Amino acid sequence: QGSSADMIKEAMIRYERIKQHGFLLITVHDELIVLVPEKYAVSEMKLLKQAMDSVELDAPLVSDGEMGYRWGELESCE
């Protein structure tokens, strides 16, 4: 769990450096919750994924993303 905490913190730092329209709201375990205007959602999701996937590890670790207005209405974003 300690390594997971380090990875999400590093991803947060990397996202803060490259974000364009997003606002990092909160983390929940291994998730980053970002607020972003709807018209920039897809492009900002790509930046967030880039930040999360760029953390160097011995084995590849890839992230996935979901977006929506409410937790129960989240849709996968690829």
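This chain uses plain numbering: 1 for the first residue, then up along the sequence. Quantities reported herein were computed from a predicted structural model and do not represent experimental measurements.
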If you count the non-hydrogen atoms of other residues, nucleotides and ligands that lie under 6.0 Å from CG in Leu57, is the total more than 12?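 Enclosed.
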Is it the case that over 12 heavy atoms from other parts of the model lie below 6.0 angstrom from the CD atom of Glu38?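 No, the 6.0 Å shell around CD holds no more than 12 heavy atoms from other groups.
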All side-chain contact (heavy atoms from CB on, under 4.5 Å) counterparts of Phe23, not counting sequence neighbours: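 Phe23: side-chain contact (heavy atoms from CB on, under 4.5 Å) contacts with Leu25, Leu35.
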Residue list, side chain to side chain donor-acceptor pair (under 3.5 Å) with [X], at least two apart or on another chain:
X     : value
Arg17 : none
Lys19 : Glu16
Asp53 : Lys49, Ser63
Glu75 : none

Check [X] against [Y] and note the closest heavy-atom contact, atom names and distance.
X     : Y     : answer
Asp30 : Ser4  : CB-OG, 4.4 Å
Ala51 : Ala11 : CB-O, 3.9 Å
Glu31 : Ile8  : N-CD1, 4.2 Å
Tyr15 : Val34 : OH-CG1, 3.4 Å

Of the options Met67, Glu66, Gln50, which is the one that meets Met45 in a side-chain contact (heavy atoms from CB on, under 4.5 Å)?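 With Met45 as partner, side-chain contact (heavy atoms from CB on, under 4.5 Å) holds for just one option, Met67.
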According to a hydrophobic-cluster definition based on side-chain heavy atoms being under 4.5 Å apart (Ile, Leu, Val, Met, Phe, Trp, Tyr only), do Met7 and Leu32 belong together? no
Look at the side-chain heavy atoms of Ile, Leu, Val, Met, Phe, Trp and Tyr, link any pair under 4.5 Å apart, and say whether Trp71 and Ile26 land in one connected group.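 In one cluster with Trp71: Ile26, yes.
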If the condition is salt bridge (charged side-chain N to carboxylate O under 4.0 Å, His left out), which residues does Glu10 pass it with, not counting sequence neighbours?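 Checked Glu10 against salt bridge (charged side-chain N to carboxylate O under 4.0 Å, His left out); matches are Arg14.
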Find the distance between CD1 (Ile18) and OG (Ser54) and round it off to the nearest 0.5 Å. 7.0 Å
Would you say the side-chain atoms of Glu44 pair up with the backbone N or O of Gln20, donor to acceptor, closer than 3.5 Å?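 Looks like yes, one N/O pair under 3.5 Å.
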